[in-house]
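Lettering follows sequence order; numbering is per chain, from 1. What you see is a predicted model, and the numbers here were worked out from it, not measured in a lab.
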There are 2 protein chains.
Amino acid sequence: MDTPTIRDVAKKAGVGIGTVSRVLNNSPKVAEKTRQIVQDAINELGFRPNSLARQLPRKTRLRNIGVITQPFIAYQAFAERMRGIQLALYELESQCEMVLYNVRSLEHFDEQLSIILQTATVEGLIVIDLDLSDEQITLLRTSNMPFVGINHFRQRDWPCIGADNVEGGRIAARYLIELGHRQIGYVGDTFKDDFGFQTSAERLKGFREVLDQAHLPLPPEYVRLGVHDYAVAKTLASELLTLPNPPTAIFAMCDLQAFACLDAAREAGLRIPDDLSVIGFDDLEMSHHVGLTTVRQHFERSGQMALRHLLALMHDDPPPPTPQLPALEVVERHTTRRLAD
Amino acid sequence: MDTPTIRDVAKKAGVGIGTVSRVLNNSPKVAEKTRQIVQDAINELGFRPNSLARQLPRKTRLRNIGVITQPFIAYQAFAERMRGIQLALYELESQCEMVLYNVRSLEHFDEQLSIILQTATVEGLIVIDLDLSDEQITLLRTSNMPFVGINHFRQRDWPCIGADNVEGGRIAARYLIELGHRQIGYVGDTFKDDFGFQTSAERLKGFREVLDQAHLPLPPEYVRLGVHDYAVAKTLASELLTLPNPPTAIFAMCDLQAFACLDAAREAGLRIPDDLSVIGFDDLEMSHHVGLTTVRQHFERSGQMALRHLLALMHDDPPPPTPQLPALEVVERHTTRRLAD
DNA sequence: TATTCTGATGGAAGCGATTCCATTGTCTGC
DNA sequence: GCAGACAATGGAATCGCTTCCATCAGAATA
């Protein structure tokens, strides 16, 4: 037989559907005896109310907001953003639930996105660490689906919350220069990862910009790019350190890669920070423990702000201005030091 | 005005509701001209179809499964489990979406759980790192809500996927004893954390059991418990190492605490593994990089298995047996060594 | 011109609940 | 013994869509 409905339960229990509904909703206006009979019928049939049908007639409905992201590679960033989103969800007491999607590739992203738009389970979308093509944006717009991104800073006409990566690169460069470093290397991801994602390129851009302004050279061999991976980063750092004229400082595009740099330095017999300064980007939990100097970005905060902004988009007619994250800042710890002149 | 419905659109466009529906669903049987008119009306009204109403009449419906968990403190564990769940979701091509809840406290858990059961958006529940009270279990059962847990191994009559923590403690103890250690300390969480969660107690139990069997002492001062925190763990480890008769090896209940032990040892001027062996539990990404010897558990796998089992519960009438995770194993790296006799 | 076919369209019937109103029976108090 | 109040109940109307069937205009065929 098909899955039982409330009518089946009513028939089985010999009562009206209204009574069954009342039992389901713990209404006090049901006689204890009747309640028991209905409950028995429910159990016997293994009846479970249909959530859709249940919400539909209610005046106040649950809404869903969707979060779509890469496969959770950057654990802490993922977790903290999620936490931020949930926090804001509770804080605003929005009657919203959060649906999580993830994509394995850009094709899969495309596919998922059309499914999401087609089924429309979700009334708003937060896109994390994924770049939207123009077609996808058009699609979202024609579907009247509000959306906000986390971690993009391309000059696009859609709202994105996230660290300004270019500025982050500038900050790291300024900091190292201020410490007296003149020969600074860069370790980061190849420019376009599988998700069309350009963090590395952006951070390098700001970094290079400041070096240029200070008339400091950034020879090609000082820029080492590779797949996002600890072992790869370690190799890149080793290459950097065995150069005939090695840098005195390294800017790693993220803390994980910075750890790899420290690792490589250790293996090369270099003392940190005496022989080499290393600055990362992110400020992970481990960075605190390891004592890594790094550029702090606010993951949890970005999740929170993204959700708030999305809700605003969903409610307000004139779309509010995209909020800005607090400025990036260097957290100085023990892997960098001032160079004696 | 209220949010527009398909009828408003039909009226505005001067067509029937059937036609509007066809446009919404990209049906080919709509004249291009009509489609345009309808699309304009949709845009003008800012119409967005109601997802509930949309699903309801469909023969094949999306189902939701819920995941409820603590506030994502253990980043990697959280992320990998999520990934496992999503993986299984796609792999099984179940028409399911995943709704994520998180709780801040046990009271909040109770509250959330009743909301979930009351609204029933979700047709199955995965409970991560949270202990269910008997009342909660009864509630879930009477609601006919299938559920499975991740990371519990209490002898309860509900399905839980997760490392056998007691066995994990045994394995660590056996390993260190086999290496010739006779004085082994333990660093872990206080027994009952805010979520009624007893991982530490369980791991210690297995650990103590094996030590007892080997007639090795485990003096009270060798067992150091504290809140789950790096700094706290570091202090605990320091205390352990400054004992008049310090242990030659430490079993830390998780890798993060193991890192703290390494840190403390370094500060105490001890060489690893020459002066002290440290074994952790989890096998985090960083453990690999740091070279930490640890007991490996399979986070992603547990997510996958939990989802599969949940789906089985939702479909099959005779509930299948709870699946078992692959056995725990020690991953030997560079923080432990054999003691010379 | 009469007939058939086809593609486009309108709208009633349902999806499975909630809700409200009408109805029935019980119990007061006079 | 009866009106009025009240608690428990049944079921129609409703939520906002999809879907299917009937209808119709025009093109194609005879």
Only distances under 3.5 Å count here; give the side-chain donor-acceptor pairs of residues 28-43 of chain A to other protein atoms, sequence neighbours excluded, each with its distance to 0.1 Å.
residue	atom	partner	partner atom	Å
A:R35	NH2	A:S27	O	3.1
A:N43	ND2	A:Q39	O	3.4

Checklist entry - How sharply is the helix from C:dT1-D:dA30 to C:dC30-D:dG1 bent, taking the axes over five pairs at either end and rounding to 10 degrees? => result 40°

Next on the checklist: Run the ring pair (Phe, Tyr, Trp, His ring centres under 6.0 Å) test against B:F78 and tell me which residues pass, sequence neighbours left out.
Outcome noted: A:F78, B:F72

Item to check | With B:R58 via salt bridge (Lys or Arg N to Asp or Glu O under 4.0 Å) - residues at least two apart | outcome: none

Item to check | Residue list, side-chain contact (heavy atoms from CB on, under 4.5 Å) with B:E123, at least two apart or on another chain | outcome: A:R48, B:R63, B:M314

Item to check | Counterpart residues, side-chain contact (heavy atoms from CB on, under 4.5 Å), relative to B:I73 (two or more places apart) | outcome: A:R83

Item to check | Span of DNA chain D, from the first to the last nucleotide whose atoms fall under 4.0 Å of chain B heavy atoms | outcome: D:dG16 to D:dC20

Next on the checklist: side chain to side chain donor-acceptor pair (under 3.5 Å), that's the test. Do B:Y90 and A:Q112 meet it? Break it down for me.
Outcome noted: CA-CA 11 Å; B:Y90 292 129; A:Q112 285 284 301; 3.2 Å; yes

Item to check | Where at least one partner belongs to residues 106-118 of chain B, residue pairs that pass salt bridge (charged side-chain N to carboxylate O under 4.0 Å, His left out), sequence neighbours excluded | outcome: none

Next on the checklist: Run the side-chain contact (heavy atoms from CB on, under 4.5 Å) test against B:T121 and tell me which residues pass, sequence neighbours left out.
Outcome noted: A:L62, A:E97, B:N64, B:Y101, B:T119

Item to check | ring pair (Phe, Tyr, Trp, His ring centres under 6.0 Å) involving A:F147 - partner list, sequence neighbours excluded | outcome: A:W158

Next on the checklist: Please encode protein proximity along nucleotides 9-18 of chain C as a string of B, S and -, counting only heavy-atom distances under 4.0 Å.
Outcome noted: BBBB-BBBBB

Next on the checklist: According to ring pair (Phe, Tyr, Trp, His ring centres under 6.0 Å), who are the partners of A:F299, at least two apart in sequence or on a separate chain?
Outcome noted: none

